[in-house]
Amino acid sequence: MACKNNLVVKQIIDLYDQISKLESLRPSKNVDTLFGELVSTCLPTDTNIDVTKLSEEVKDMRSNLIKLCGEAEGYLEQHFSTILGSLPEDQNPLDHLHIFPYFNNYLKLGKLEFDLLSQHSSHVPSKIAFVGSGPMPLTSIVLAKFHLPNTTFHNFDIDSHANTLASRLVSRDPDLSKRMIFHTTDVLNATEGLEEYDVVFLAALVGMDKESKVKAIEHLEKHMAPGAVLMLRSAHALRAFLYPIVESSDLKGFQLLTIYHPTDDVVNSVVIARKLGGSSMTGVNGTRGCMFMPCNCSKVHAIMNNRGKKKNMIEEFSAIE
């Protein structure tokens with residue numbers, strides 16, 4: 001059983017102690033260094049630690065650390081979104097996204113999520129909702145620019161200032177300014193309209209604890225269209241010290257399709273599920289919708305790259321109605 005005597009857990013506890021004593025989590029040399037060390041410590045996926053078996057003391061620390069990570073991530077996005085939105089009027093902020101420290105990770109994650117979505121969909125989605133888009137909606141931007149050039153993205157965030165910053169990013173882009181729409185609302189207050197989306201993304205930072213995460217999922221299940229796809233961010237192994245875990249038991253009313261665990265510098269796992277109650281071939285508004293691709297595997301298996309090294313882990317689930 002993993003406990004605080006484990007060397008890696010000790011390192012994480014030490015970093016948590018330092019981070020929790022910071023006067024501010026806004027970007028600075030000290031903040032950037034500490035969170036950089038934390039992410040590096042949590043990246044290895046070959047460490048045999050199950051966070052569900054940690055001591056209660058360490059579990060409490062993990063919960064607090066996830067909240068601190070979420071707060072710091074929000075400040076980081078706000079900081080860079082403000083910089084990009086303040087560029088001269090003759091410059092498109094989207095041409096300078098590379099200044100964001102984790103932009104390459106979003107490029108990889110966007111490609112990963114597009115590929116996984118394509119495996120479980122029989123049509124190109126016309127409307128996608130992203131819940132918890134934040135001041136720098138990079139997932140929507142990456143998908144819209146590089147993978148789904150004809151899809152409209154509706155971005156939902158509870159923070160009006162975040163939406164102001166986000167809309168400023170795309171306002172000078174002749175294409176995305178027409179396809180990116182922003183809604184300021186709590187997802188739990190969003191009811192009408194959710195049934196219109198082929199795909200709904202739920203950001204990792206929406207629901208920072210198990211109870212609030214499940215509450216958000218239950219709300220989406222109640223209002224999404226049968227056959228629509230729900231895509232969620234989760235975490236695996238040590239990375240669960242950075243983000244909450246979404247488990248299959250959290251997805252009542254959905255058919256779990258895939259859980260994908262990257263083993264590179266893409267931190268988040270990706271969870272894909274389909275709203276039950278409709279034909280897997282019929283999607284929103286009667287269009288050809290999300291189609292489950294059957295797999296005989298029901299356990300985790302490794303996908304090997306050309307050199308025979310573990311590249312990622314993916315879980316597939318049989319189509320059981």
Side-chain angles (χ1 to χ4, degrees), residues 19 22-39 67-111 113-114 128-149 151-187 190 201-206 208 233 242-243 265-268:
I19 289 170
L22 291 169
E23 293 184 3
S24 171
L25 294 177
R26 296 181 183 277
S28 68
K29 184 177 181 180
N30 195 24
V31 169
D32 297 346
T33 298
L34 285 174
F35 278 101
E37 290 179 11
L38 177 64
V39 171
K67 292 174 183 176
L68 292 172
C69 289
E71 185 178 349
E73 187 170 330
Y75 284 137
L76 185 70
E77 290 191 9
Q78 186 181 92
H79 174 73
F80 281 95
S81 186
T82 300
I83 291 174
L84 289 167
S86 301
L87 290 172
E89 287 297 325
D90 61 343
Q91 295 188 43
N92 184 343
L94 302 188
D95 293 335
H96 303 276
L97 291 175
H98 59 272
I99 72 168
F100 185 69
Y102 299 105
F103 180 57
N104 284 336
N105 295 67
Y106 276 93
L107 288 175
K108 293 178 183 178
L109 182 58
K111 177 66 163 59
E113 289 177 326
F114 172 75
I128 288 178
F130 195 98
V131 179
S133 48
M136 206 164 180
L138 284 172
T139 297
S140 293
I141 290 171
V142 168
L143 289 174
K145 278 179 67 69
F146 303 114
H147 305 294
L148 295 167
T151 301
T152 301
F153 289 79
H154 288 250
N155 301 283
F156 293 80
D157 202 280
I158 196 172
D159 186 342
S160 60
H161 182 55
N163 275 340
T164 297
L165 291 172
S167 59
R168 191 178 297 162
L169 284 181
V170 302
S171 63
R172 300 180 214 171
D173 189 274
D175 175 29
L176 264 63
S177 61
K178 299 175 182 176
R179 294 194 290 124
M180 297 273 282
I181 300 166
F182 297 90
H183 307 270
T184 300
T185 184
D186 186 329
V187 62
F201 280 80
L202 185 64
L205 300 183
V206 175
M208 298 298 288
R233 306 270 172 81
L242 305 174
Y243 291 102
D265 56 355
V266 175
V267 177
N268 288 112

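Hydrogens, waters and symmetry mates are skipped; everything else that's a heavy atom, side chains included, is used. Since the model is a prediction, treat every value here as computed from it, not as a measurement.
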Please answer whether the main-chain N or O of Arg168 pairs with a side-chain N or O of Ser171 as donor and acceptor at a distance below 3.5 Å.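 Present.
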Does any N or O in the side chain of Asn105 come within less than 3.5 Å of the main-chain N or O of Asp265, such that one atom is a donor and the other an acceptor?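 It does hold such a pair.
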Of the options Glu77, His161, His79, which is the one that meets Pro135 in a side chain to side chain contact (heavy atoms under 4.5 Å, CB included)?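 Between Pro135 and the candidates, side chain to side chain contact (heavy atoms under 4.5 Å, CB included) is satisfied uniquely by Glu77.
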Side chains of [X] and [Y]: does their closest heavy-atom pair fall under 4.5 Å?
{"X": "Tyr75", "Y": "Pro27", "value": "yes"}
{"X": "Asn30", "Y": "Leu34", "value": "yes"}
{"X": "His147", "Y": "Val142", "value": "yes"}
{"X": "Ser81", "Y": "Leu169", "value": "yes"}
{"X": "Phe182", "Y": "Val170", "value": "yes"}
{"X": "Leu84", "Y": "Met136", "value": "yes"}

Decide ring-ring contact (aromatic ring centres under 6.0 Å, His included) for His183 and Phe156; before the verdict, give the C-alpha distance in whole Å, the side-chain angles of both, and the deciding distance to 0.1 Å. CA-CA 5 Å; His183 307 270; Phe156 293 80; 4.6 Å; yes
Residues in ring pair (Phe, Tyr, Trp, His ring centres under 6.0 Å) with Phe100, at least two apart?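 If we apply the ring pair (Phe, Tyr, Trp, His ring centres under 6.0 Å) test to Phe100, skipping adjacent residues, the hits are Phe80.
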Test side-chain contact (heavy atoms from CB on, under 4.5 Å) applied to Leu205 and Cys69, step by step: CA-CA 9 Å; Leu205 300 183; Cys69 289; over 6 Å; no
Qualifying residues under side-chain contact (heavy atoms from CB on, under 4.5 Å), relative to Arg233, sequence neighbours excluded: Leu109, Glu113, Phe130, Thr139, Ala204, Asn268
